[in-house]
Amino acid sequence: MTTKTPRQFFRPLAIGAPEPFRELPLRLERMIHFVPPHLEKVRAKVGDLAPTVDIVLGNLEDAIPVEAKQAARDGFIAMGQAVDFGKTGLWTRVNALNSPWFLDDITAIMGQIGGKLDVVMVPKVEGPWDIHYVDQLLAQFEAKYCLPKPILIHAILETAEGVKNVETIATASPRMHGMSLGPADLAASRAMKTTRVGGGHPEYKVIADPTSDGAPRAVAQQDLWHYTLAKMVDACAAAGIKPFYGPFGDFADEAACEAQFRNAFLLGCAGAWTLHPSQIAIAKRVFSPDPAEVAFAKRILEAMPDGSGAVMIDGKMQDDATWKQAKIIVDLARQVAARDPQLAAHYGM
Ligand SMILES: CCC(=O)SCCNC(=O)CCNC(=O)[C@H](O)C(C)(C)COP(=O)(O)OP(=O)(O)OC[C@H]1O[C@@H](n2cnc3c(N)ncnc32)[C@H](O)[C@@H]1OP(=O)(O)O
Ligand SMILES: O=CC(=O)O
Ligand SMILES: [Mg+2]
């Protein structure tokens, strides 16, 4: 594939558009909270909701009825204008690029609240060509409205073709913020035989061999999403962008939601989507590091001030590599502590 030269890659795509970021802005993004902006009742409470989440996302795509598409777009703009989001990120999920609504979504939003928007989430991204199109369009709007800061793009990985192209999507533009796994659309795209939104499936399992005494055979459920999530995490980490787990649809099953989020956290994800207020606390709990882990990570950093050598702590060998792991945990704890005084106290920060 032909790619741009390094200098061209970082040039603004429109005269007057801001320079692309070289590094992602440092932001705590444990949950991307989805708000249905066509509902006046929900919108009215966004001012109270905003300080309790890291990101508020106005959803315009799936889950918004066709007859409410315009109301959702208008509602998102009204909400964006009315609320002071402070340190909370303001994102939107626009309709798909091949839908009748995308062009009007992006045109209206950039014209009216482009200066407040942080990230545009683009659904059903199939390859780098989708990112290039949105990249160019955003640059033109940034130039037209003299916006000082570039708006970032977050792709949803939710088609088989997107998964095949995940690495070129991740590196398509310096505007790339990250990616979310979209298990519902991806299941449909792959003809997986499930009706769930994320999480496990009891029939996806391995079973032990039968024994001569006919004892019940051990069964272990496997993770349907491990392959895709791991592939996405590697593509994002290599590109210096952020991976996220997407939606978990069974709001009543908080334990399963927590387990899915925790697998994603342990594997390298920065956060997950929250679709209902009950999922906010779960995401906060999972994507803020455990105080005991933070305390141990601090001991590693203190024992190896320059990050080199080998030491033993509680019988476990530490060296340059575990120092790097510890630094990731302590740096994340610092970000969380800056946002959450209660956790700051638990972390001793
Ligand atoms: C599957 C692939 C995907 O694309 S996932 C992303 C697309 N889906 C979404 O964005 C769904 C977002 N969530 C929602 O629209 C609602 O949670 C749905 C699913 C409709 C359920 O709402 P409802 O029946 O009102 O639930 P409830 O009675 O338990 O609500 C309790 C109170 O909480 C509110 N609430 C609900 N969801 C949200 C939300 N996402 N953000 C903010 N507030 C929310 C409800 O309005 C309700 O408030 P109140 O107590 O009546 O004042
Ligand atoms: O958009 C999300 C999905 O799971 O589909
Ligand atoms: Mg989807």
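The structure presented is a predicted model; accordingly, all values stated were derived computationally and were not measured. Counting starts at 1 for both ligands and their atoms, in listed order.
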> Hey, any chance Ile77 and Leu90 share a hydrophobic cluster, counting ILVMFWY side chains that come within less than 4.5 Å of each other, even indirectly?
Replying inline: yes

Output yes when a protein non-hydrogen atom is found under 4.0 Å of [atom], and no otherwise.
| atom | value |
| --- | --- |
| atom 22 (O) of ligand 1 | no |
| atom 1 (C) of ligand 1 | yes |
| atom 43 (N) of ligand 1 | yes |

Minimum-distance protein heavy atom relative to [atom]:
| atom | answer |
| --- | --- |
| atom 25 (O) of ligand 1 | Lys41 NZ, 5.0 Å |
| atom 33 (O) of ligand 1 | Pro277 CG, 3.6 Å |
| atom 2 (C) of ligand 2 | Glu158 OE1, 3.4 Å |
| atom 31 (C) of ligand 1 | His276 NE2, 3.8 Å |
| atom 19 (C) of ligand 1 | Phe251 CE1, 3.8 Å |
| atom 4 (O) of ligand 2 | Ala184 N, 2.8 Å |
| atom 15 (O) of ligand 1 | Pro36 CG, 3.5 Å |
| atom 17 (O) of ligand 1 | Leu275 O, 3.3 Å |

Atoms of ligand 1 less than 4.0 Å from [X] heavy atoms?
| X | value |
| --- | --- |
| Ala184 | 1 (C), 2 (C) |
| Asn59 | 7 (C), 10 (O) |
| Val197 | 1 (C) |
| Ala63 | 7 (C), 8 (N), 9 (C) |

>> Once you restrict to heavy atoms under 4.0 Å, what part of Lys124 touches ligand 2? Side chain, backbone, both or neither.
In response: neither

> Taking heavy atoms and a distance under 4.0 Å, where does Pro123 meet ligand 2: side chain, backbone, both or neither?
Replying inline: neither

> Any idea how His177 and His154 line up, ring-wise: parallel (<30°), tilted (30 to 60°), or perpendicular (>60°)?
Replying inline: tilted

>> Students often mix this up, so state it plainly: with edges at 30° and 60°, are the rings of Phe102 and Tyr133 parallel, tilted or perpendicular?
In response: tilted

>> Contact between Met110 and Leu147 at the side-chain level, heavy atoms closer than 4.5 Å - yes or no?
In response: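 Side chain of Met110 against side chain of Leu147, heavy atoms only: contact under 4.5 Å found.
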
> Taking distance alone, with no angle check, do Trp273 and ligand 2 share an N/O pair under 3.5 Å?
Replying inline: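 No; the residue has no nitrogen or oxygen that sits under 3.5 Å from a nitrogen or oxygen of the ligand.
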
> Quick one: does Glu61 get an N or O within less than 3.5 Å of an N or O on ligand 2?
Replying inline: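 For ligand 2, there is no N or O atom that lies under 3.5 Å from one belonging to Glu61.
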
> Among the heavy atoms of Leu49, does any lie under 4.0 Å from an atom of ligand 1?
Replying inline: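 False for this residue.
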
>> Yes or no: does Gly249 have any heavy atom under 4.0 Å from an atom of ligand 1?
In response: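 The answer is no: ligand 1 sits nowhere under 4.0 Å from a heavy atom of Gly249.
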
> So, does Pro183 sit close enough to ligand 2 that a heavy atom of it is under 4.0 Å from the ligand?
Replying inline: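 The answer is yes, since Pro183 has a heavy atom less than 4.0 Å from ligand 2.
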
> Should Phe34 be counted as touching ligand 1, given the test is an N or O pair under 3.5 Å?
Replying inline: yes

>> Looking only at distances, can you tell me whether any N or O atom of Lys45, backbone or side chain, sits closer than 3.5 Å to an N or O atom of ligand 1?
In response: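 Yes; the residue has a nitrogen or oxygen that sits under 3.5 Å from a nitrogen or oxygen of the ligand.
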
>> I need the contact type for Arg93 against ligand 1. Using non-hydrogen atoms and a strict under-4.0 Å cut-off, is it side chain, backbone, both or neither?
In response: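 The answer is the side chain.
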
>> For His33, which part has a heavy atom under 4.0 Å from ligand 1: side chain, backbone, both, or neither?
In response: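 Just the side chain.
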
>> Within the 3.5 Å criterion, strictly below it, is a donor on Thr228 or Arg190 matched to an acceptor on the partner's side chain?
In response: yes

> Judged by modelled atom types alone, do Gln335 and Asp331 share a side-chain donor-acceptor pair under 3.5 Å?
Replying inline: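 Distance-only check fails for Gln335 and Asp331.
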
>> As an exercise, identify every atom of ligand 2 less than 4.0 angstrom from a heavy atom of Asp185.
In response: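 Here the atoms of ligand 2 in question are 3 (C), 4 (O), 5 (O).
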
>> Keeping to distances under 2.8 Å, can you name the protein N/O/S atoms close to the Mg ion (ligand 3)?
In response: Glu158 OE1, Asp185 OD2

> Considering all heavy atoms of both residues, which atom of Ser173 and which atom of Ile131 are nearest to each other, and what is their separation?
Replying inline: CB-CG2, 3.9 Å

> Checking side chain to side chain contact (heavy atoms under 4.5 Å, CB included) for the pair Tyr347/Ser288: CA distance, chi angles, key distance, verdict?
Replying inline: CA-CA 11 Å; Tyr347 296 152; Ser288 308; 3.6 Å; yes

